[in-house]
Trainee: 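Below you will find the structure I want to go over with you.
Both backbone and side-chain heavy atoms feed into the values below; hydrogens, waters and symmetry mates do not. We name chains A, B, ... by the order of the sequence lines, and we start the count at 1 in each one.
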Number of protein chains: 2
Amino acid sequence: MDSIKAIETLGALAQTTRLDVFKLLVRHEPTGLPAGQIAKQLDVPPNTMSSHLSILSRANLLSSKRESRLIIYRANLATMNAVMAFMLENCCSGDDCAPIANQLERLCQ
Amino acid sequence: MDSIKAIETLGALAQTTRLDVFKLLVRHEPTGLPAGQIAKQLDVPPNTMSSHLSILSRANLLSSKRESRLIIYRANLATMNAVMAFMLENCCSGDDCAPIANQLERLCQ
DNA sequence: TCCATATTTCTACTATTATCGATATATGGA
DNA sequence: TCCATATATCGATAATAGTAGAAATATGGA
């Protein structure tokens, strides 16, 4: 991942509704949720939500597939990993990574 | 770190000049760089740069101290760690953290 | 005290983003 | 085919962000 892609990814996440969407979809892995459910759950009009979903998708943070009348969105965790790898490489150094390492030990035993 | 703080941090980084500033200052740890140097190095007018530095500082991504006529800025890596911890906790799950773990092993041997 | 340097603040302008009503498209059932 | 449901696109508006000239503030030296 390069800086341009990282900025798109970070920018996509740096907004209340969109961060909420991503968090929600991470909790619903690996099944995902249909667009309407996401909108209802977060109390946002469906067309507004659609615009946010499209921004997250363009940043490759979401994938989607149609299932009959529903469009199911899923969090793309590979992109999340990629942006975190970018941050570690460019915005971290040596000992300063230690706290993250500890965090990971707890999460991934 | 909560979502509101995370959005401020991600938003501060999600802009070309500001991401460049942060990357530059990480490379200049632990000495830091004066505001004018940062502006010159990135070819941005000093007042424009000052506005970006203030946004990064407000997000707690930079610290600064006056040294005679210069104001020296440093990257605040603790905030970087905090936002990455937030992302791991809220936007990651189980096995999906593995790639980041490998990345860390390489960085922090 | 006066001046040069370093940086910030003020201000206005332009561009981008967020929001949502209205409309369009796509799917499946009656 | 007609209708209801699910979602996306269009278009307008309001809010926010980025930019940089001009002026203000702070420091140290002559």
Trainee: Atom CG of residue position B:Asp43 - does it have more than 12 heavy atoms of other residues, nucleotides or ligands inside 6.0 Å?
Mentor: no
Trainee: For B:Leu53 and D:dT19, give me the distance from atom CG to atom P, rounded to whole Å.
Mentor: 13 Å
Trainee: One character per nucleotide, please: for nucleotides 25-30 of chain C, 5' to 3', B when the base has a protein heavy atom closer than 4.0 Å, S when only the sugar-phosphate does, - otherwise.
Mentor: --BS--
Trainee: If you measure from the Lys or Arg side-chain nitrogens to the Asp or Glu carboxylate oxygens, is any gap between B:Glu29 and B:Arg27 under 4.0 Å?
Mentor: no
Trainee: Distance check needed: D:dA8 P versus A:Ile38 CD1, whole Å only.
Mentor: 9 Å
Trainee: Has A:Tyr73 got a side-chain N or O lying under 4.0 Å from the OP1 or OP2 atom of D:dA6?
Mentor: no
Trainee: Mind calculating the distance between CG (B:Asp43) and P (D:dA20) to the nearest angstrom?
Mentor: 10 Å
Trainee: Between P on C:dA6 and CD on B:Gln37, what's the gap in Å once rounded to a whole number?
Mentor: 10 Å
Trainee: C:dT8 P sits how many Å from B:Leu62 CG, rounded?
Mentor: 11 Å
Trainee: Whole angstrom is fine here: how far is it from CE in A:Met49 over to C1' in D:dA6?
Mentor: 14 Å
Trainee: Using whole Å, report how far CG of A:Leu70 lies from C1' of D:dA4.
Mentor: 14 Å
Trainee: Quick one: label B:Ser54 by what it contacts on the DNA or RNA (base, sugar-phosphate, nothing), any heavy atom closer than 4.0 Å.
Mentor: nothing
Trainee: Nearest whole angstrom, please: distance from the C1' of D:dA6 to the CD1 of A:Ile72.
Mentor: 11 Å
Trainee: Any non-hydrogen side-chain atom of B:Leu62 less than 4.5 Å from a side-chain atom of B:Leu25?
Mentor: yes
Trainee: Sort me out a list of protein N/O and nucleotides 13-18 of chain D N/O pairs below 3.5 Å, or just none if empty.
Mentor:
from: D:dG18; atom 1: OP1; to: B:Arg18; atom 2: NH2; distance (Å): 3.1
from: D:dG18; atom 1: OP2; to: B:Arg18; atom 2: NH1; distance (Å): 3.1

Trainee: Should B:Leu33 and B:Tyr73 count as side-chain neighbours, where that means a heavy-atom distance under 4.5 Å?
Mentor: no
Trainee: Tell me the partner of C:dA4, counting only Watson-Crick (N1-N3 plus N6-O4 or O6-N4) or G-U wobble (N1-O2 and O6-N3) with both under 3.5 Å; none if nothing fits.
Mentor: D:dT27
Trainee: Show the distances under 3.5 angstrom between N or O atoms of the protein and N or O atoms of nucleotides 21-24 of chain D.
Mentor:
from: D:dG21; atom 1: N7; to: B:Asn47; atom 2: ND2; distance (Å): 2.4
from: D:dG21; atom 1: O6; to: B:Asn47; atom 2: ND2; distance (Å): 2.8
from: D:dA22; atom 1: N6; to: B:Asn47; atom 2: ND2; distance (Å): 3.4

